[in-house]
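The structure appears below as structure tokens.
Please read all numbers here as calculations on a predicted model, not as lab measurements.
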Amino acid sequence: MPLLGQDTIRPVEGVRVGITYTPGLRPGLLVLGGPRQELLDSVRAIVERDLDFSDRFEMITLPGSDSLMLALGTGSAARGPTGPFVNYALYEALGADYAVSVMDRSDSGLAVVVYDVKGRGARRVVPVTVTSVADRGFRMVVHRASDEVVRAAAGTPGIAATRLLVVQSGRVYRVDADGADVVALTPAGSGAFSATWAPDGRRVVYTEFTRGLGRLVVHDVVSGQREVVPPTTEFLNFAPAWSPDGRTLAFSRSNEEGTQVYAYNLAEHCCLQRLTAGRFSDNLSPTFSPDGRRIAFASTRAGSPQIYAMSADGTEQELFAPFDYGVTGSSYAPEWSPDGLHLAFHRDVAGSYQVFVMDVASRTVRQLTSAGRNEDPTWAPDGRHLAFVSSRTGTRQLWVMDMDTGRVRQLTRLDGTRLPSWSPRIPDLTNH
Amino acid sequence: MRRATPIVLGIVVLVIAAACGGAPPPPPPQPNADSLAALEAERRAREQAARDSVERANREAEERIRRAREDSLAAVRRTTEEVRGMLAARINFDFDRSDIRPGDAQILDQKLGILNANPNLQIEIVGHCDERGSDEYNLALGNRRALAAKQYLVSRGIEAGRIATRSMGEEQPLDPASNESAWAQNRRDEFGVTAGGDVLMRPPGM
């Protein structure tokens, strides 16, 4: 939490302000200032925000003029014998475990250098292969560098080089994980609904919903190619989910038999299979476990919708998220975390929806949100960030929560945003 | 007017002929060219008048038939509109429910009568939800609402193939407001004609 009473500087939301600072459990990280230059400034701003949004560091920020004093090569000695002078003692006094500098290495281009303050040395040099902010895919290149900085400092990569799909007014949009670059992927008026990323980070599948019919369309965002999934040209097919190997699509289908979960082998274009049955219950919103062996879904078999699981072939169906009959609110829209440890979903609490997470091993459930209506959670590839739709500010927007710190930030400014899906890390080939 | 000319001429000739009476006994009528023409004109005029009256009678009869047909067509159209109106009457649902409410059973019974009275009529039922439910779940709920109404009709003897069902989830609210009355209106089944609805008969007793 920002230390509001302590400083006269207006705190940036969620960022610790001031130098009278007690290190928390997270390592302190300081992004060093540098020469004023458009490209360097842009890269530095993006990297700093990415590191902040990784929620793995206590970001140490200083008022503008002071931060300049922390630039490399200033202070008592302009330049050390083996490169710029790094004032480790000062950074350590400020509570930094890591210092990060964006520099121009002239011949070899830009790089982000990660300094280990306590170890008194450069830990990692991450090249940033950009020459201008107008470069194609400039932001994604920088985001990838940020994720490597997180890997160098925290041991596991960040989630900056990811994107989210959202649906708004019948169109699918993609938006970068930092909220920038909102791009429509489907034409206006196509009735797009429930979109999901493929594990390859290059294809998406969404429902094209018209007059009560819904067909699934696989859209390659690199080539722009669209393909209707053949068996979905009749009935209402929605809420698709990819198997982790990208070969199978599970989805919900509504027809005269109610709503049931189906699977289709997309790789071999065959074998439509119904996985659930039950004339008097609806089964929908499938999600694969990361090993591909289980599918969690919502089912009305006990009356109100609750979360169940089954083998990927439809056998071994069981109640998954525990509930008290007649007491626990209806539960919807499960999504398995990429590490397989958790299952996120939303549940009715006092007539509104709240995001819940179940620990898969212990089957214990905890409520993560309470302000406004919060629904349709989707996991970041790091398994600790969740994006969800929240009405806490009055309109439905996409918000991101870090499960570990509880920190929450608003991602979209697009009224009526819904049905988000977080991508895996976007591979270089989709750098567009 | 062109036709009237020979008639007028004929009358003039006859009047002149009549005015010649009373004088010394007329010579036996010698047919002359003029009187022959007058007789011929008279004959034509009579025939024409007969034809005219027949035509008039025919026209009037046709007009009567046409009016009667129009009246009955209008009546049929009116009936069809009325029956369509009854058929389009919506039913509503409680929150997150798909069972037919007791009051709405009457509305469905009316549709049952209409379907029975019009064996070629085919309809579709479209289920809708309010915005409070989950977006994806609402597609399933709308589907179930449409199926519930279909089931009601099918279980009372309507052939299943005559009724199609669809779901719009929460995508097409009647009232986009976010309050109880809007939600209550938006939780509904809508009924539409898909075939055989050009002429609809009123069910007996309605």
Side-chain angles (χ1 to χ4, degrees), chain A residues 167 169-170 191 193-194 207 209-214 235-240 251-261 279-286 297-300 303-305 329-334 345-348 351-353 373 375-376 389 391 394-396 416 418-420, chain B residues 93-99 123-155 158-173 176-180 183-184 188-194:
Chain A
V167 174
S169 298
F193 196 80
S194 44
T207 294
F209 183 63
T210 24
R211 285 186 42 84
L213 295 177
F235 309 121
L236 170 52
N237 305 278
F238 62 100
F251 55 93
S252 328
R253 165 178 284 186
S254 290
N255 60 15
E256 303 250 328
E257 294 172 330
T259 300
Q260 304 298 342
V261 176
R279 178 132 186 86
F280 301 104
S281 70
D282 289 335
N283 299 282
L284 66 154
S285 303
F297 59 101
S299 174
T300 61
S304 75
S330 300
S331 307
Y332 309 86
F345 56 94
H346 69 262
R347 180 171 269 181
D348 188 318
S352 189
Y353 293 135
R373 169 173 160 163
E375 60 198 301
D376 286 320
V389 174
S391 65
T395 63
R396 289 171 99 184
R418 55 183 183 153
L419 298 166
Chain B
F93 295 88
D94 292 335
F95 176 67
D96 198 17
R97 300 304 297 255
S98 58
D99 40 337
I123 64 165
E124 66 170 7
I125 307 175
V126 186
H128 297 261
C129 306
D130 70 27
E131 60 174 2
R132 283 183 299 166
S134 290
D135 296 5
E136 288 176 341
Y137 174 74
N138 273 344
L139 292 180
L141 179 58
N143 187 60
R144 214 182 321 137
R145 284 178 176 164
L147 289 180
K150 174 170 180 170
Q151 185 54 36
Y152 184 96
L153 298 170
V154 169
S155 68
I158 303 301
E159 193 193 320
R162 295 173 63 194
I163 306 172
T165 56
R166 294 196 282 126
S167 169
M168 288 301 294
E170 64 177 78
E171 308 305 306
Q172 245 174 30
S178 296
N179 56 53
E180 273 302 337
W183 293 329
R188 69 199 191 275
D189 270 351
E190 293 192 348
F191 300 81
V193 172
T194 52

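Side-chain atoms of B/R132 do not come within 3.5 Å of backbone N or O of A/G351 as any donor-acceptor pair.
With a 4.5 angstrom heavy-atom cutoff, A/T300 touches chain B only via side-chain atoms. Neither the backbone nor the side chain of A/A298 comes within contact range of chain B, judged by heavy atoms closer than 4.5 Å. Residue A/S330 touches chain B through its side chain alone, counting heavy-atom pairs closer than 4.5 Å. At a 4.5 Å heavy-atom cutoff, the contact between B/Q151 and chain A is made by side-chain atoms alone.
Highest contact tally toward chain B, considering only A/L284, A/D376, A/N283, is held by A/L284 [criterion: heavy-atom pairs under 4.5 Å]. Of the listed residues (B/G133, B/G127, B/A164), the greatest number of heavy-atom pairs within a distance under 4.5 Å of chain A belongs to B/G133. Between chain A and the residues B/S134, B/A160, B/G169, the largest count of heavy-atom pairs under 4.5 Å involves B/S134. Counting heavy-atom pairs under 4.5 Å between each of A/R253, A/E375, A/E256 and chain B puts A/E256 at the top.
Expressed to the nearest 0.5 Å, how far CZ of A/F209 lies from CE of B/M168 amounts to 4.5 Å. In this structure, OG on B/S167 lies 11.5 Å from CG on A/N255, to the nearest 0.5 angstrom. To the nearest 0.5 Å, atom CG of residue B/L139 and atom OG of residue A/S252 are 8.5 Å apart. With rounding to the nearest 0.5 angstrom, the CZ atom of B/R166 is 7.0 Å from the CG atom of A/L213. The structure places OH of A/Y332 at 12.5 Å from CD of B/E136, a figure rounded to the nearest 0.5 Å.
Taking B/D135 as the reference, A/R396, A/R418 meet the side-chain hydrogen bond (donor to acceptor under 3.5 Å, both in side chains) condition, with sequence neighbours excluded. With sequence neighbours excluded, the residues that form a side-chain hydrogen bond (donor to acceptor under 3.5 Å, both in side chains) with B/S178 are B/E131. For B/D99, the side-chain hydrogen bond (donor to acceptor under 3.5 Å, both in side chains) test picks out B/R97, with sequence neighbours left out.
Chain A is approached within less than 4.5 Å, heavy atom to heavy atom, by B/A140, B/N143, B/R144, B/L147 from residues 140-147 of chain B, ordered by number.
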